[in-house]
Amino acid sequence: QVQLVESGGGLVQAGGSLRLSCAASGRTLSSYTMGWFRQAPGKERKWVAGITRRGVHSYYADSVKGRFTVSRDNAKNTVSLQMNSLKPEDTAVYYCAADGVDRGPTVVAHGPNDYNYWGQGTQVTVSS
């Protein structure tokens with residue numbers, strides 16, 4: 001079992017930046033591929049970014065590519081999402097999630113059902 005807690009959300013103007021953090025307890029995060037998802041009101045939860053267990057490979061949804069950066073520090077049991085050039089359409093609740101299935105060293109799953117553990121979410125609101 002791993003417990004995840006996100007922090008760092010808030011209100012920011014368009015063009016601004018935020019850094020989300022996800023702290024884990026219970027088990028070392030190095031056992032998990034990590035993903036970030038977001039869910040806007042009335043919409044499905046969507047994959048945003050993911051990073052492999054050792055942090056060698058990271059992947060992004062087209063909508064955030066070039067603006068968001070995912071990173072991890074396994075020694076500190078944390079994963080981060082740096083969000084730059086934020087847009088109003090980035091407004092959502094952001095979740096970190098852990099995938100405990102070994103899908104290979106370069107694979108990050110995109111589906112919410114592929115992830116075993118979830119944080120409670122942190123709200124990000126981008127004003128125009």
Side-chain angles (χ1 to χ4, degrees):
Q1 287 267 352
V2 62
Q3 292 79 43
L4 304 173
V5 178
E6 301 97 336
S7 61
L11 173 64
V12 64
Q13 287 188 332
S17 299
L18 282 174
R19 185 177 181 86
L20 305 183
S21 294
C22 174
S25 60
R27 285 194 68 182
T28 176
L29 271 186
S30 61
S31 300
Y32 300 90
T33 299
M34 298 299 295
W36 284 94
F37 289 77
R38 66 187 182 187
Q39 187 167 19
K43 298 195 174 182
E44 293 181 346
R45 190 169 298 188
K46 290 188 175 181
W47 177 83
V48 172
I51 188 166
T52 52
R53 295 181 178 199
R54 295 186 178 184
V56 175
H57 301 280
S58 56
Y59 304 94
Y60 302 90
D62 287 344
S63 59
V64 307
K65 200 171 292 183
R67 300 188 296 123
F68 289 13
T69 303
V70 59
S71 60
R72 67 189 299 161
D73 186 336
N74 286 340
K76 295 183 178 179
N77 244 19
T78 59
V79 179
S80 298
L81 185 68
Q82 178 67 43
M83 306 186 296
N84 298 329
S85 302
L86 283 161
K87 306 175 181 179
E89 51 263 43
D90 294 319
T91 295
V93 177
Y94 283 71
Y95 299 89
C96 69
D99 175 9
V101 175
D102 187 355
R103 304 179 192 276
T106 64
V107 177
V108 169
H110 291 197
N113 291 338
D114 294 322
Y115 288 78
N116 312 92
Y117 303 102
W118 293 83
Q120 83 289 351
T122 185
Q123 176 70 46
V124 171
T125 303
V126 184
S127 63
S128 56

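None of the values given here were measured: they were computed from a predicted structure.
A 4.5 Å side-chain heavy-atom check between Lys46 and Phe37 finds every atom pair outside the cut-off. A heavy-atom distance below 4.5 Å is found between the side chains of Asn77 and Thr28. For the pair Phe68 and Leu86, the minimum side-chain heavy-atom distance is below 4.5 Å. In this structure, Tyr117 and Gln1 have side chains that are in contact, with non-hydrogen atoms separated by less than 4.5 Å.
In terms of modelled atom types and a separation under 3.5 Å, the side chain of Glu6 and the main chain of Gly121 share a donor-acceptor contact. Put simply, the side chain of Arg72 gets close to the backbone of Leu29: a donor and an acceptor are under 3.5 Å apart. In this structure, Thr52 contributes its side chain and His57 its backbone to a donor-acceptor pair below 3.5 Å. Of the possible donor and acceptor atoms, none in the side chain of Asn116 sits under 3.5 Å from a partner among the backbone N and O of Ala97.
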Given the rule in the side-chain contact (heavy atoms from CB on, under 4.5 Å) test, do Gln3 and Ser25 qualify, once you have shown the distances and angles that lead to the verdict?
CA-CA 5 Å; Gln3 292 79 43; Ser25 60; 3.5 Å; yes
Walk me through it: do Gln120 and Tyr95 pass the test side-chain contact (heavy atoms from CB on, under 4.5 Å)?
CA-CA 7 Å; Gln120 83 289 351; Tyr95 299 89; over 6 Å; no
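Atom CD in Gln123 sits 4.0 Å away from atom OG1 in Thr125 (nearest 0.5 Å). Note that CG of Leu81 and OG1 of Thr122 are 11.0 Å apart. Values are rounded to the nearest 0.5 Å. Atom OH of Tyr60 sits about 12.5 Å away from atom CZ of Arg67, to the nearest 0.5 Å. Interatomic distance, CG of Leu4 versus SG of Cys96, reported as 4.5 Å (0.5 Å rounding). Atom CH2 of Trp36 sits about 10.0 Å away from atom OH of Tyr94, to the nearest 0.5 Å. Put simply, CZ on Arg38 and CE on Met83 are 9.0 Å apart, with the number rounded to the nearest 0.5 Å.
Among Val70, Val79, Thr78, Asn74, the one residue that satisfies the side-chain contact (heavy atoms from CB on, under 4.5 Å) test with Met34 is Val79.
Cluster membership check: Val124 shares its hydrophobic cluster with Val48, using side-chain heavy-atom separations under 4.5 Å among Ile, Leu, Val, Met, Phe, Trp and Tyr.
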Sequence neighbours left out, cut at 3.5 Å: what donor-acceptor pairs do the side chains of residues 12-23 make with other protein atoms?
{"unit_1": "Ser17", "atom_1": "OG", "unit_2": "Asn84", "atom_2": "OD1", "d": "2.9"}
{"unit_1": "Arg19", "atom_1": "NH1", "unit_2": "Gln82", "atom_2": "OE1", "d": "3.2"}

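Screening residues 102-115 for side chain to side chain donor-acceptor pair (under 3.5 Å), with sequence neighbours left out, gives Asp99-Arg103.
Here the shortest heavy-atom pairing between Trp47 and Ala109 reads NE1-O, 3.5 Å.
In this structure, Arg45 satisfies the cation-pi test against Trp118, with its NZ or CZ atom closer than 6.0 Å to the six-membered ring centre and inside 45 degrees of the ring normal.
Asp90 and Lys87 are not joined by a salt bridge, as no carboxylate oxygen comes within less than 4.0 angstrom of a charged side-chain nitrogen.
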